[in-house]
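Right, one structure below, let's go through it.
Each chain gets a letter, A, B and so on, in the order its sequence line appears, and its residues count up from 1. Every value quoted in this text rests on a predicted model; they were computed, and no experiment measured them.
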There are 2 protein chains.
Amino acid sequence: MNIVGVFKALCDENRLRIFNLLSKDTLCVCDIEAILNMTQSNVSRHLNKLKSEGIITYEKKAQWAYYKIDDNFIKENKLLYDYLISTLRNHPKFVEDNENYKKHKESNISCEQFIKKGNQH
Amino acid sequence: MNIVGVFKALCDENRLRIFNLLSKDTLCVCDIEAILNMTQSNVSRHLNKLKSEGIITYEKKAQWAYYKIDDNFIKENKLLYDYLISTLRNHPKFVEDNENYKKHKESNISCEQFIKKGNQH
DNA sequence: TGATTATATTTGATTATACTCATATTATAG
DNA sequence: CTATAATATGAGTATAATCAAATATAATCA
């Protein structure tokens with residue numbers, strides 16, 4: 001584990017916003033895009049950075065890529081992980097994102113199911 | 001407390017090296033300079049960054065500036081602090097610094113006392 | 001006071017990061 | 001097979017971070 005790399009990955013506001021979301025849920029790129037109101041390429045790039053430092057992993061299902069916090073990262077960095085969770089939870093910077101996440105979740109079960117029901121993004 | 005700023009301050013290898021030293025001891029700029037083999041302006045700059053994010057404080061004594069981890073930072077970021085301590089302690093990247101710190105401490109009680117004994121840096 | 005030491009700050013060059021727009025890739029559906 | 005949607009990647013640009021060298025400031029000592 002490269003501690004400098006981990007901190008570099010976590011020192012960007014947008015990546016912390018993504019981390020905050022993924023600490024609540026497994027999400028695909030388009031979910032994150034919508035909740036955080038960021039461009040697709042930007043989200044993809046940030047996810048890649050987090051992934052390359054071992055902080056998150058993803059699983060490809062059909063055309064979607066579902067990202068989540070890496071269990072190994074949590075295990076090997078328990079104190080840091082707990083710090084992030086407890087700090088991000090109540091941090092004013094992320095309140096709006098948390099609200100948008102709730103709204104998104106209520107309106108849009110998952111990309112997969114959403115589309116099966118005949119919708120389009 | 002600005003979490004993005006704190007991570008930005010900690011995402012640089014040289015600043016982590018400084019943090020590692022200060023987690024063991026209160027040190028003045030010239031100590032850090034010598035132990036880490038960094039230029040004076042570089043050490044000063046990095047200390048300033050850590051200070052401006054509330055991670056360290058300093059006290060001026062005569063011509064020396066003694067830096068240490070801020071007690072408030074430790075209190076308010078206990079999990080992060082404990083993570084850093086436990087991770088840096090055994091991290092291969094910092095082994096050499098730790099050895100240099102030992103040597104430096106043995107040979108050179110403190111800048112103040114060192115000079116009182118008729119020496120010069 | 002003038003010289004010296006420790007530290008801080010300015011400057012300018014270099015490198016790294018983050019972003020957008022455009023394009024490539026992969027998978028699915030028709 | 002073709003069109004479309006989700007995601008990844010490339011190119012170019014703007015901004016930020018790092019560094020060394022030089023200079024400024026503050027404290028001490030002779």
Check the phosphate of dT9(D) against N48(A), side-chain N and O only, distance under 4.0 Å to OP1 or OP2. Yes or no?
yes
Validation row, ring centre F94(A) to ring centre H91(A) under 6.0 Å:
yes
Check whether any side-chain nitrogen or oxygen of H46(B) sits under 4.0 Å from OP1 or OP2 of dC19(D), and answer yes or no.
yes
Are N2(A) and K8(A) linked by a side-chain donor-acceptor pair shorter than 3.5 Å?
no
With respect to the side chain of Y67(B), which nucleotide from dA8(D), dA8(C), dC19(D) is positioned closest?
dA8(C)
Round to a whole Å and report the spacing from CD of E53(B) to C1' of dA17(D).
14 Å
State plainly whether the residues K75(B) and D71(B) are in salt-bridge range, i.e. N to O under 4.0 Å.
no
DNA chain C contacts made by residues 8-19 of chain A, counting heavy atoms under 4.0 Å
K8(A), D12(A), N14(A), R15(A)
Rounded to whole angstrom units, what separation is found between the NZ atom of K60(A) and the P atom of dT7(D)?
7 Å
Report yes if a donor N or O on one partner sits less than 3.5 Å from an acceptor N or O on the other, where the partners are the side chain of Q40(A) and the base of dA8(D); otherwise report no.
yes
Under the rule for side-chain hydrogen bond (donor to acceptor under 3.5 Å, both in side chains), what residues qualify as partners of R15(A), not counting sequence neighbours?
H46(A)
Starting at the 5' end of DNA chain D, what dot-bracket string do you get if Watson-Crick and G-U pairs under 3.5 Å are bracketed, crossing pairs use [ ], other-strand pairs use | and unpaired bases use dots?
||||||||||||||||||||||||||||||
Closest to the Q63(A) side chain: dT7(C), dA27(C), dA27(D)?
dA27(C)
Assign each of R45(B) and V29(B) the nucleotide of DNA chain C bearing its closest heavy atom; nearer the 5' end lies the nucleotide of V29(B)
Nearest listed nucleotide, side chain of A65(B), among dT7(D), dT9(D), dT7(C):
dT7(C)
From dT7(D), dC21(C), dT9(C), nucleotide with atom closest to S41(B) side chain:
dT9(C)
Using the six-membered ring of Y67(B), assess whether NZ or CZ of K51(B) lies under 6.0 Å from its centre and within 45 degrees of the ring axis.
no
Interatomic distance where CG belongs to N42(B) and C1' belongs to dA17(D) [whole Å]:
11 Å
Side-chain N,O (T39(A)) to OP1/OP2 (dT20(C)) below 4.0 Å:
yes
Measure CG/L47(A) against C1'/dT9(D) and give the value in whole Å, please.
14 Å
